[in-house]
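Data block below; observations after.
Quick note: residue numbers are just sequence positions, from 1. One-based numbering, in listed order, for ligands and for the atoms of each. These numbers were taken from a predicted model, which means no experiment stands behind them. Both backbone and side-chain heavy atoms feed into the values below; hydrogens, waters and symmetry mates do not.
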Amino acid sequence: MRSKPLLLVNIGQLVTLRGSNVGPRRGSSLSKLAIITDAAILCLGGMVVSVGTTKDALRDPWLKKNRKRVTEIDCRSRVVLPGFVDSHTHPVFTCPRLVDFEKRIAGANYEEIAEAGGGIRASIEGVRKAGKAALTELVAVALEDMARHGTTTVEAKSGYGLSLESELKSLEVIRAAARRWPGTVVPTFLGAHAVPPEYRGRSQEYVDSVCAAMIPAVAKAKLARFVDVFCDRGAFSAEEAAQIFKAAEEHGLAIRAHMGQLSETRLEPFLRFKPASLDHMDYVNDADLPALAASDTVATFVPGANYFLGLSRYPEARRFIEAGVAVALATDYNPGSSPTQSMPMAMSLACTHMKMTPAEAIAAATINGAWALRLADRKGSVEPGKDADFAVFDVEDYREIPYWFGVNRCELTVMNGIPAKV
Ligand code: NIG
Ligand code: FE
């Protein structure tokens, strides 16, 4: 996919988030959106070359000479912001889990459903049986849906195959779908999502096979950048997670984890692995916050999961922000706990239930998501030299993005310089 020279003009509010190279945003810097009004962006070769006012852009001598070659988009005073970086998704699955959904409505909780054979394990068979082409189609459609909601960079996990063969297949599917999409996909190996049925009661043996067989194969085929573990009650223990992180490190893969979704795990022992991100974070000990704040590890909240599981409790974002922890927001798109591709929905939940301000939610969904994927040199802000990834919203004020909920106000995304109408 090749991008043509592109000029966006008449942007009512351009949320640039410029000046983002010093580290993830924390504390008061989370709210500094660096907005330019009546703005323009010029892109060449899929990258931003200049950002300023529409008036200045139209005076540019290069542009005057080359105007005919440039695709011009009139943003009609709408809001433009960096494309969302959805740093936590599980798109490789075949079916919605409607039985789980109805059981929860009838009063069962996530753990009870998992213990009764539902949950993650209920998604394994579909993935194991599915052909690569059919799975690729499903992931490609999900990526398109994400782009329609303003997302231009997506982290995508395996984790419903849970055998060497079907985990490799899932990661190959992510790679094949990514090649068909103009946006950017970061693959993550999540072999330690659940203990598959054939290893029932032999969790340690499964972890040994994740470390000795799966991680080396994934690394050799360069199918993932990150290794993730679901570390929690009923999933993998802190010791098992540490064993997996060590194997990942030995194979040159970076680390992220599901932590504190259902119960508290002490975080400090994991920080020596320099995880890019720890996600969910509903249950976190106060004593871990200073070390987390002193690190570049991002705490990624996924309030879509709290919403869909019908929880009244949400991650305590203010506690983290006030302690100086870098925070991000993601959808956690998956069939069990968060079947949504909408970053604006995650942001709306963060504002209403976690008391993040709209400005904080935007930074958490863009530049800090990029930090959580170690992509902040290319993604998450609108600055010369960065990839041309934007979302155009049919609103006049950036605060409307998390304000309108249950509807999609995104009207255009630009991914690596390629515009895609919603
Ligand atoms: O992030 N907690 C673990 N993994 C997913 C849920 C996956 C599923 O239920 O299928 C999550 O919420
Ligand atoms: Fe998840």
Within a distance under 4.0 Å of any heavy atom of [X], pick out the atoms of ligand 1 and give their elements.
{"X": "I120", "value": "7 (C), 8 (C), 9 (O), 10 (O)"}
{"X": "H88", "value": "1 (O)"}
{"X": "H90", "value": "1 (O), 4 (N), 5 (C)"}
{"X": "N334", "value": "5 (C), 6 (C), 7 (C), 8 (C), 9 (O), 10 (O), 11 (C), 12 (O)"}

Donor + acceptor pair across side chains of [X], [Y] (<3.5 Å):
{"X": "S87", "Y": "E155", "value": "no"}
{"X": "E264", "Y": "N285", "value": "yes"}
{"X": "T89", "Y": "K157", "value": "no"}
{"X": "Q341", "Y": "T331", "value": "no"}

Starting from [atom], which protein heavy atom do you reach first, and at what distance in Å?
{"atom": "atom 11 (C) of ligand 1", "value": "D332 OD2, 3.1 Å"}
{"atom": "atom 10 (O) of ligand 1", "value": "Y160 OH, 2.6 Å"}
{"atom": "atom 12 (O) of ligand 1", "value": "S337 OG, 2.6 Å"}
{"atom": "atom 4 (N) of ligand 1", "value": "H193 NE2, 2.8 Å"}
{"atom": "atom 9 (O) of ligand 1", "value": "Y110 OH, 2.6 Å"}
{"atom": "atom 2 (N) of ligand 1", "value": "Q261 OE1, 2.6 Å"}

Output field: ring centroids Y160/H193 closer than 6.0 Å: yes
I'd like a table of donor-acceptor pairs (distance under 3.5 Å, sequence neighbours excluded) in which one partner is a side-chain atom from residues 301-313, with atom names and distances.
{"residue": "N306", "atom": "ND2", "partner": "D282", "partner atom": "OD2", "Å": "2.6"}
{"residue": "N306", "atom": "ND2", "partner": "R313", "partner atom": "O", "Å": "2.9"}
{"residue": "R313", "atom": "NH2", "partner": "D282", "partner atom": "O", "Å": "2.8"}

Whether H88 and H258 hold their rings parallel, tilted or perpendicular, with breakpoints at 30° and 60°: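 H88 and H258: perpendicular rings.
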Test side chain to side chain contact (heavy atoms under 4.5 Å, CB included) applied to P344 and F405, F393, Y403, the passing residue: F393
Sphere of radius 2.8 Å around the Fe ion (ligand 2) - protein N, O or S atoms inside: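 For the Fe ion (ligand 2), the protein N, O and S atoms that sit under 2.8 Å away are H88 NE2, H90 NE2, H258 NE2, D332 OD1.
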With sequence neighbours excluded, residues passing side chain to side chain contact (heavy atoms under 4.5 Å, CB included) with E198: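 Residues passing side chain to side chain contact (heavy atoms under 4.5 Å, CB included) with E198: R128, P196.
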Donor-acceptor contact below 3.5 Å, side chain T16 vs main chain A34: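 Yes, T16 side chain to A34 backbone: donor-acceptor pair under 3.5 Å.
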Within residues 117-140 or reaching into it, pairs that qualify as ring-ring contact (aromatic ring centres under 6.0 Å, His included) - sequence neighbours excluded: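 Residue pairs with at least one partner in residues 117-140: there are none.
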